[in-house]
Amino acid sequence: MKLNPFRVDPAHPFQLVKFLSISTLVLILASSSLMSVFMTNYAKSALLKKNQAFARLLAENLNHQIYRRFTLPVVLGFGRVELKRKDQYERLEQVIESTIHSFHVLDLRIYDEQNEVAFSTDAEQVGNNELGGEAVQAAIQSGKISFELQNSLSIWDVLAAINLEDGDVVLRTVYPLRAERDLRFRDQPGPLLGILELTQDITSDYETVLHLQRLIILTTFMGSAALYGLIFFLVRKADRVLDERLRDKDRLEKELLQNEKLASMGRMVASIAHEIRNPLGIIRSSAELLLKRQKAEGGTNVKMLEAIFHESKRLSQTVNDFLDYARPRQPSLEDVDLEKVVRHAVGFLTQEGQEHGVVVESSLPTGYVVQGDRDLLYRGFYNLISNAIQACSDGGHVRIMPVCHEDQMAVLVQDTGTGFDSKQLDRYVEPFFTTKDTGTGLGLAITSSIFQIHGAEMILRNGPHGGAEALVIFSEPC
């Protein structure tokens with residue numbers, strides 16, 4: 001089975017955007033790198049052309065100075081040029097040194113037509129016929145001018161070096177020296193006098209281009225990193241927003257499903273309430289009346305009548321729970337002091353707590369006021385405290401205390417029981433879900449519904465030191 005890289009995972013809908021952002025970063029880096037290489041190569045080419053033009057001007061000036069200040073006076077004075085004579089050699093040396101002064105010339109040689117060094121700034125090279133190479137041979141044969149860039153470092157060494165040394169980058173120029181003609185024959189080349197080879201240090205100019213190259217590369221990478229960081233930030237932010245919306249969607253779907261259950265249950269209960277409630281009331285009242293008579297007369301059917309009475313009473317309570325869950329009444333809002341409500345519930349549950357050996361303590365302060373329906377809030381906290389008592393073993397504790405949760409008033413009901421099953425924590429408020437052997441599984445569902453219609457949120461969790469906690473968060477500020 002082939003995988004489609006462009007298929008969007010519903011759980012991670014921004015995977016394609018992340019892939020595109022990374023691809024965009026690679027594309028930007030590649031294109032920017034190519035552009036930086038192109039720009040630096042163009043700058044190097046312009047630098048080389050500038051230095052070649054400058055070297056050509058220097059060579060032409062040397063040709064002119066040598067011809068005017070050396071060749072003509074020597075020919076007129078001595079009849080011919082003989083550089084082996086010390087006085088002629090020194091005169092040529094003076095002319096050349098005065099001309100190339102401050103032009104960064106590292107080395108200068110003049111070859112004769114036999115490719116032998118006739119003059120050099122390094123006197124030890126005079127007479128050597130192995131230094132000229134192909135460029136000098138081409139200049140002798142065809143009068144060709146040539147330029148050669150000599151770089152002693154590799155491209156990686158150049159990029160890594162902070163500062164270049166003098167002489168790292170040089171330009172070698174080979175130029176044919178010729179006799180100058182008068183104005184009438186200026187368009188025709190004069191006789192060849194020798195071949196001029198000069199080497200110039202262009203390291204400082206090359207280093208300027210190198211700094212430009214580094215600046216372009218650094219700017220490119222910083223710009224690409226900033227752009228990718230912006231894209232990544234926007235994608236992550238959009239991803240978080242989408243996650244929140246997905247969570248809200250799941251919550252709304254659960255609420256919708258619960259409302260659908262409630263609606264279907266309401267229709268079901270409405271259809272059977274009249275069929276069950278009235279006969280069940282008759283059965284309960286008749287069983288209670290017969291039980292009283294049998295007890296008064298000392299009859300033998302007391303146990304059977306007690307079973308009928310208690311079961312009909314339990315069934316009647318179950319029907320009432322169904323009705324309460326399916327058709328919750330709208331609260332009548334007023335100022336309700338939760339301390340009084342909880343104290344009232346604790347008072348009624350004191351006997352149950354004593355039967356289970358559980359101590360119930362409330363630390364709610366007087367004046368802990370919220371907007372709500374007193375009777376419904378009483379029933380909600382009554383159910384929470386009753387469940388907490390039933391969850392505790394002998395010697396347990398149930399504590400009701402005030403909490404400020406994110407600047408909102410809250411009440412925490414805490415017990416020392418076994419706690420909730422963490423794997424089924426979300427199911428405790430579902431209707432008909434129960435972990436008890438007896439019960440309808442509607443107690444916490446009704447309690448959660450009561451707090452919801454008050455705009456409050458009930459959170460069930462396990463305590464940090466064991467036991468269970470029910471946190472009821474109201475909308476009123478602390």
Side-chain angles (χ1 to χ4, degrees), residues 48 51-75 77-154 157 164-180 189-206:
L48 182 59
N51 281 279
Q52 287 178 354
F54 180 76
R56 187 181 188 120
L57 288 175
L58 179 59
E60 290 176 353
N61 187 36
L62 276 169
N63 190 111
H64 177 76
Q65 296 296 331
I66 291 173
Y67 181 74
R68 292 293 182 181
R69 295 171 55 190
F70 173 74
T71 305
L72 287 180
V74 167
V75 171
F78 298 95
R80 58 182 299 181
V81 175
E82 292 180 299
L83 290 179
K84 292 182 179 180
R85 294 181 55 171
K86 184 178 180 181
D87 54 348
Q88 290 189 22
Y89 190 93
E90 290 178 351
R91 182 166 185 166
L92 177 59
E93 187 176 29
Q94 291 176 0
V95 172
I96 290 176
E97 287 183 355
S98 64
T99 305
I100 67 173
H101 178 67
S102 73
F103 283 102
H104 303 291
V105 176
L106 300 177
D107 191 17
L108 186 146
R109 290 190 288 267
I110 298 177
Y111 299 86
D112 60 17
E113 295 184 8
Q114 285 73 41
N115 199 18
E116 183 178 323
V117 178
F119 174 86
S120 174
T121 52
D122 184 358
E124 295 181 357
Q125 297 177 354
V126 176
N128 193 324
N129 59 1
E130 298 179 355
L131 298 176
E134 296 180 359
V136 174
Q137 287 290 343
I140 294 173
Q141 294 174 5
S142 60
K144 180 181 178 181
I145 304 172
S146 63
F147 303 94
E148 181 185 359
L149 183 66
Q150 297 178 343
N151 188 352
S152 62
L153 301 174
S154 68
D157 292 335
L164 302 182
E165 300 289 339
D166 291 341
D168 282 342
V169 183
V170 298
L171 179 65
R172 178 179 177 238
T173 304
V174 176
Y175 183 88
L177 293 175
R178 295 183 179 276
E180 294 182 355
L192 184 66
L193 300 178
I195 303 301
L196 172 67
E197 181 189 62
L198 60 93
T199 304
Q200 293 174 274
D201 183 9
I202 62 170
T203 305
S204 59
D205 292 339
Y206 192 84

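A quick note: this is a predicted structure, and the numbers were derived from the prediction, not measured. What you see below is based on every heavy atom in this structure, not just the backbone, and it leaves out hydrogens, waters and symmetry mates.
Here the straight-line distance linking atom CD1 of Ile96 with atom OG of Ser120 works out to 9.5 Å at 0.5 Å rounding. Considering CG of Leu58 and OG1 of Thr173, their distance stands at 8.0 Å, rounded to 0.5 Å. Of the inter-residue distances, the one linking Leu57 atom CG with Phe103 atom CZ reads 9.5 Å to the nearest 0.5 angstrom. The structure places CG of Asn128 at 8.0 Å from OH of Tyr111, a figure rounded to the nearest 0.5 Å. Atom CG in Leu149 sits 8.5 Å away from atom CG in Asn51 (nearest 0.5 Å). Rounding to the nearest 0.5 Å places CG of Asp107 at 9.0 Å from CD1 of Ile100.
At distances below 3.5 Å, not a single donor-acceptor pair connects side-chain atoms of Asn115 with backbone N or O atoms of Gln137. In this structure a side-chain-to-backbone donor-acceptor pair under 3.5 Å is missing from Ser142 to Ala139. Checking side-chain atoms of Thr71 against main-chain N and O of Ile66 turns up a donor-acceptor pair under 3.5 Å.
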>> One pair to check against side-chain hydrogen bond (donor to acceptor under 3.5 Å, both in side chains): Asp201 and Thr203. What are the steps and the verdict?
In response: CA-CA 6 Å; Asp201 183 9; Thr203 305; 2.5 Å; yes
>> side chain to side chain contact (heavy atoms under 4.5 Å, CB included), that's the test. Do Leu106 and Thr121 meet it? Break it down for me.
In response: CA-CA 9 Å; Leu106 300 177; Thr121 52; over 6 Å; no
> Step by step, would you call Arg109 with Val136 a side chain to side chain contact (heavy atoms under 4.5 Å, CB included)?
Replying inline: CA-CA 11 Å; Arg109 290 190 288 267; Val136 174; over 6 Å; no
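Using a 4.5 Å heavy-atom cutoff, the side chains of Phe70 and Gln88 are in contact. Side-chain contact between Glu197 and Leu131 is absent, with no heavy atoms from C-beta onward closer than 4.5 Å. For the pair His104 and Ile202, the minimum side-chain heavy-atom distance is 4.5 Å or more. With contacts defined as side-chain heavy-atom distances shorter than 4.5 Å, the pair Arg68/Glu180 qualifies. Asp87 places a side-chain heavy atom less than 4.5 Å from the side chain of Phe78. Side-chain contact between Ser98 and Gln65: absent, with no pair of heavy atoms (C-beta onward) separated by less than 4.5 Å. When side chains are defined from C-beta on, Glu113 counts as touching Leu192, because their heavy atoms get closer than 4.5 Å. Looking only at side-chain heavy atoms (C-beta outward), Val81 and Leu92 stay at 4.5 Å or farther from each other.
Here the closest non-hydrogen pair linking Arg178 and Leu193 is C-CD1, 3.7 Å. Taking every heavy atom of both residues into account, Ala59 and Tyr175 meet most closely at CB-CG, 3.6 Å. Pro176 approaches Gly143 most closely through the heavy-atom pair CG-O, 3.5 Å. The shortest heavy-atom contact between Gln200 and Ala55 is OE1-CB, 3.0 Å. Counting all heavy atoms, side chain and backbone alike, Pro73 lies closest to Tyr67 at CD-O, 4.3 Å.
Here the rule is side-chain contact (heavy atoms from CB on, under 4.5 Å) with Phe119, and of Val126, Leu196, Asp112, Leu108 only Leu108 fits it.
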